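Everything on this sheet refers to the single structure shown next.
Throughout, numbering of the chain's residues begins at 1 and tracks the sequence. The structure displayed is predicted, hence computed values, not measured ones.
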Amino acid sequence: MTTQRRNDTRNVAIIAHVDHGKTTLVDSMLKETGLFSSKMDQPQEQVLDSNPLEREKGITILAKNTSVVYKGITINIVDTPGHADFGSEVERVLNMVDGCILLADAAEGPMPQTRFVLRKALASGLKCVVVINKMDRPDARPHDTVNKVFDLFVEMEASEEQLDFPIIYACGRQGWASNDSEKMGENLSPLFEAVLKHIPAPEADESKPLQMQITMLDYSSYIGRIGIGRIRNGKMAKNQALALVKSDGRILNGKLTRLEKYFGLERREVPQASAGDIVAVAGFEDIDVGDTLALVESPIALPTIQIDEPTMSMEFMVNTSPLAGREGKFVTSRHIKERLLKEAETNVGLKIEALGGEGRFLVSGRGELHLAVLIETMRREGYELAVSRPVVIEKTENGQVLEPYERLILDIPNQFQGAIIEALGKRSAKMTHMQPEGNSRLRLEYIISVRALMGLKSELLTTTKGLGLMHHSFDGYAPKGPDPAPRPNGVLIAKEGGLVTAYALDHLQDRGVFFTAPGVEVYAGMIIGTNSRQNDLVVNPCKAKALSNMRTKATDEKSQLEPPKILTLEQALEFIDSTELLEVTPQNLRLRKKSLSEAERRRSGKEEAAA
């Protein structure tokens with residue numbers, strides 16, 4: 001029996017490592033097909049990165065759909081995240097497509113997230129078109145990159161058919177593609193032609209009963225929850241009565257109140273859609289990822305989508321510091337709970353669990369960045385909360401404790417290799433590859449536990465004076481290794497509340513590095529800096545200069561203060577230990593001890609030592 005296919009449609013995903021030019025290439029594809037038109041007050045490039053955090057960090061966090069029309073054929077394009085922390089997005093969208101465009105930087109070659117996403121694509125049986133991007137780079141090495149991509153395919157156990165991939169050389173920023181690495185193209189036609197020739201048309205049998213699996217979720221305050229997915233079989237129309245088959249086997253009947261298809265950068269309402277189309281549907285409030293929409297008379301479910309489990313968790317709780325409630329708009333446990341549950345509706349890689357006590361929740365995600373993006377998003381929306389240090393999620397198999405490991409790639413100047421190799425040795429990292437990159441740089445590859453990886457980025461940047469590059473992706477679970485070394489320095493803790501004075505900091509400068517500047521309000525138990533020694537030290541940063549009638553040159557010397565070290569959200573999460581919390585407000589990030597009382601901290605310290 002021959003398989004019916006829709007030759008007027010292609011469904012492809014663009015996959016690559018972070019910052020290899022996926023979103024920029026989509027910009028050029030939209031421009032060439034005449035579907036790119038942004039207003040003066042809207043972004044003029046990376047138009048698919050609509051989230052403010054995505055534009056700031058320069059990465060794609062949420063998978064996006066768009067479509068272009070080339071020679072009368074609709075090409076549905078899914079722009080996927082390159083970072084492994086958002087891998088749950090990648091796993092789901094690959095179920096919607098029949099092939100993928102794999103981008104590799106002409107100079108850097110395949111990187112960790114290239115490996116991560118490619119493994120998912122090849123396991124799904126997808127055919128790939130390889131695009132060597134950024135051919136305008138002066139250090140481009142296209143032939144070397146092609147060889148590395150082929151080796152990666154072999155390592156990922158690609159089939160003979162998958163290994164026979166077409167190669168396109170392109171520059172997404174300049175909007176050209178070519179079949180020859182020595183010749184610069186005029187436009188992106190070679191890429192479009194390769195997609196039409198090598199990516200199979202979607203299987204589509206309109207005569208079969210309707211089946212559509214939900215792979216992404218969206219939300220509108222006007223029409224409620226929106227399910228996005230590809231119609232596998234049959235067809236659907238607006239206002240049609242349908243059955244929603246849940247992943248647990250329950251069947252809920254309802255009516256399709258809205259049906260939308262992708263046209264360029266926007267979704268437009270359509271009266272009907274058929275097999276092979278990627279559509280957005282509304283009208284089912286309980287719709288979820290993995291559910292199947294089918295006919296009421298034949299509610300047959302499609303196989304459920306398998307999504308990797310979270311690897312890291314942290315506690316979210318109500319902010320209880322003396323400065324709580326001053327800056328945030330949403331500060332109560334009810335507000336935080338509602339926001340987390342709302343996030344869990346669309347962010348399927350996230351798990352929320354209520355803990356004992358008032359206003360405490362355990363939030364589990366795919367990595368530190370995954371959780372940090374959630375915290376930053378909540379902060380910008382006006383939420384105020386406190387979070388604990390991220391903790392790795394372990395699992396037990398056959399009586400053995402396993403922990404998550406990551407594949408780490410470092411690109412560093414040669415002169416720092418000794419210090420970096422020593423630092424990774426202390427973290428029990430295992431070197432798998434070492435290769436010179438030109439005359440002055442070196443590429444190191446390691447397997448390292450997620451616990452040991454925490455805090456490495458700031459150490460790398462300090463050691464290499466900002467010249468080191470670091471990329472990592474999830475590799476798998478392995479037997480638990482030794483505990484990483486504790487934080488080398490203690491912290492400076494405020495003794496009392498008040499405004500920080502320059503006079504006090506001037507006398508405390510020899511003690512360590514400060515996180516606060518003069519004039520900032522602090523409270524007892526708040527961490528104001530790092531100690532130069534290993535122990536925690538309680539200091540008084542609010543001490544004012546005593547006023548007297550005496551005036552001498554010595555007493556009136558001007559204070560020369562070092563500028564404070566301002567921590568980003570990711571740096572603060574890496575810095576705190578198990579006895580500390582990070583206080584997050586819309587305006588400030590403050591570090592504090594869980595117990596603000598010095599007497600209580602001493603008592604608990606003695607009890608731990610006795611135990």
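With contacts defined as side-chain heavy-atom distances shorter than 4.5 Å, the pair Glu459/Glu574 does not qualify. The shortest side-chain heavy-atom distance between Val279 and Met212 falls under the 4.5 Å cut-off. Put simply, the side chain of Leu217 reaches to within 4.5 Å of the side chain of Arg225, judged on heavy atoms. Residues Ile15 and Leu103 are not in side-chain contact: their nearest non-hydrogen atoms beyond the backbone lie 4.5 Å or more apart. For the pair Glu583/Leu589, no side-chain contact is recorded, criterion being any heavy-atom separation below 4.5 Å from C-beta on. Considering only heavy atoms from C-beta on, Thr396 stays 4.5 Å or farther from Gln400 through its side chain. Inter-residue side-chain proximity for Val363 and Leu350 is flagged as met; some heavy-atom pair is nearer than 4.5 Å. Side-chain contact between Thr145 and Asp105 is absent, with no heavy atoms from C-beta onward closer than 4.5 Å.
Applying side chain to side chain contact (heavy atoms under 4.5 Å, CB included) to Ser449 and the options Glu403, Glu406, Arg427 leaves one that passes, Glu403. Exactly one of Leu355, Leu362, Ile375, Val584 qualifies for a side chain to side chain contact (heavy atoms under 4.5 Å, CB included) with Phe316. That residue is Ile375. Screening Met454, Arg451, Arg366 against Met312 for a side chain to side chain contact (heavy atoms under 4.5 Å, CB included) leaves a single residue, Met454.
Across all their heavy atoms, Ala104 and Val149 have their closest contact at CB-CG2, 4.1 Å. What you find for Thr292 and Leu302 is that their closest heavy atoms are OG1-N, 3.1 Å. Of all heavy-atom pairs between Leu567 and Leu591, the closest is CD1-CD1, 3.8 Å. Shown here for Ser333 and Gly359, the closest heavy-atom pair between the two residues is CB-CA, 3.4 Å. Closest approach of Ala344 to Ile352, counting heavy atoms only: CB-CG1, 3.9 Å. Heavy-atom minimum distance, Arg443 versus Pro110: NH1-O, 4.1 Å.
The CD1 atom of Ile493 sits 12.0 Å away from the CE atom of Met526 when rounded to the nearest 0.5 Å. Distance check: Leu442 CG to Ile412 CD1 gives 5.5 Å after rounding to the nearest 0.5 Å. Put simply, CZ on Phe284 and CG on Leu252 are 9.0 Å apart, with the number rounded to the nearest 0.5 Å. To the nearest 0.5 Å, the span separating CD on Glu368 from CG on Leu569 amounts to 9.0 Å. Atoms CG and CG, on Leu410 and Leu408 in that order, are 4.0 Å from each other to the nearest 0.5 Å. Expressed to the nearest 0.5 Å, how far CG of Leu444 lies from OH of Tyr446 amounts to 5.0 Å.
For the 3.5 Å distance criterion, the side chains of Gln571 and Ser458 fail to qualify, holding no donor opposite an acceptor. Between the side chains of Asn489 and Asn531, no donor-acceptor pair of N or O atoms lies under 3.5 Å. One side chain, Thr320 or Arg592, offers a donor N or O that lies under 3.5 Å from an acceptor on the other.
Using a cut-off of 4.0 Å between Lys/Arg side-chain N and Asp/Glu carboxylate O, Asp286 and Lys246 are scored as not salt-bridged. The residues Arg250 and Asp291 are annotated as not salt-bridged, no charged nitrogen and carboxylate oxygen being separated by less than 4.0 angstrom. A salt bridge does not link Glu338 to Lys342: none of the charged side-chain nitrogens sits closer than 4.0 Å to a carboxylate oxygen. Taking the charged nitrogens against the carboxylate oxygens, Glu580 and Arg487 do have a contact shorter than 4.0 Å, which makes a salt bridge. One finds a salt bridge joining Lys480 and Glu394 here, because a Lys/Arg side-chain nitrogen approaches an Asp/Glu carboxylate oxygen to under 4.0 Å. The pair Arg339-Glu381 counts as a salt bridge, with a side-chain nitrogen and a carboxylate oxygen less than 4.0 angstrom apart. Ionic pairing of Arg360 and Glu315 is present here: one or more N-O contacts between side-chain nitrogen and carboxylate oxygen are shorter than 4.0 angstrom.
For NZ of Lys457, the number of neighbouring non-hydrogen atoms (other residues, nucleotides, ligands) closer than 6.0 Å is 12 at most. Residue Lys594 qualifies as enclosed at atom NZ: its count of foreign heavy atoms under 6.0 Å is above 12. Within a 6.0 Å radius of NZ in Lys430, other residues, nucleotides and ligands contribute 12 heavy atoms or fewer. Glu157 CD: 12 or fewer foreign heavy atoms inside a 6.0 Å radius.
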Can you check salt bridge (charged side-chain N to carboxylate O under 4.0 Å, His left out) on Lys127 and Asp98, steps first, answer last?
CA-CA 7 Å; Lys127 189 98 190 296; Asp98 302 288; over 6 Å; no

Walk me through whether Leu492 and Phe515 qualify under side chain to side chain contact (heavy atoms under 4.5 Å, CB included).
CA-CA 10 Å; Leu492 300 175; Phe515 299 151; over 6 Å; no

Please assess Val97 against Leu126 for the test side chain to side chain contact (heavy atoms under 4.5 Å, CB included), listing each intermediate value before the final yes or no.
CA-CA 8 Å; Val97 299; Leu126 300 183; 3.8 Å; yes

Kindly indicate, with the supporting measurements, whether the criterion side chain to side chain contact (heavy atoms under 4.5 Å, CB included) is fulfilled by Arg230 and Arg232.
CA-CA 6 Å; Arg230 171 178 158 185; Arg232 291 286 173 184; 3.6 Å; yes

Please determine whether salt bridge (charged side-chain N to carboxylate O under 4.0 Å, His left out) holds for the pair Asp411 and Arg441, giving the CA-CA distance in whole Å, both sets of side-chain angles, and the decisive distance to 0.1 Å.
CA-CA 7 Å; Asp411 188 346; Arg441 295 186 75 85; 3.0 Å; yes

Give the intermediate values and the outcome of side chain to side chain contact (heavy atoms under 4.5 Å, CB included) for residues Leu453 and Met470.
CA-CA 11 Å; Leu453 193 61; Met470 168 178 154; 4.0 Å; yes

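Although no hydrogens or angles enter the test, the distance criterion places a donor-acceptor pair under 3.5 Å between the side chain of Glu384 and the main chain of Gly328. Judged by distance alone, the side chain of Arg379 and the main-chain N or O of Thr585 form a donor-acceptor pair under 3.5 Å. Asn588 places no side-chain N or O within 3.5 Å of a backbone atom of Arg590 that could act as its donor or acceptor partner. Between the side chain of Arg601 and the backbone N or O of Ser595 there is at least one donor-acceptor pair closer than 3.5 Å.
For Glu397, the salt bridge (charged side-chain N to carboxylate O under 4.0 Å, His left out) test picks out Lys395, with sequence neighbours left out. Every residue meeting the ring-ring contact (aromatic ring centres under 6.0 Å, His included) condition with Phe165, not counting sequence neighbours, appears here in chain and number order: Phe153. Every residue two or more places apart in sequence or in another chain that forms a ring-ring contact (aromatic ring centres under 6.0 Å, His included) with Phe330 is listed here: His335, Tyr383.
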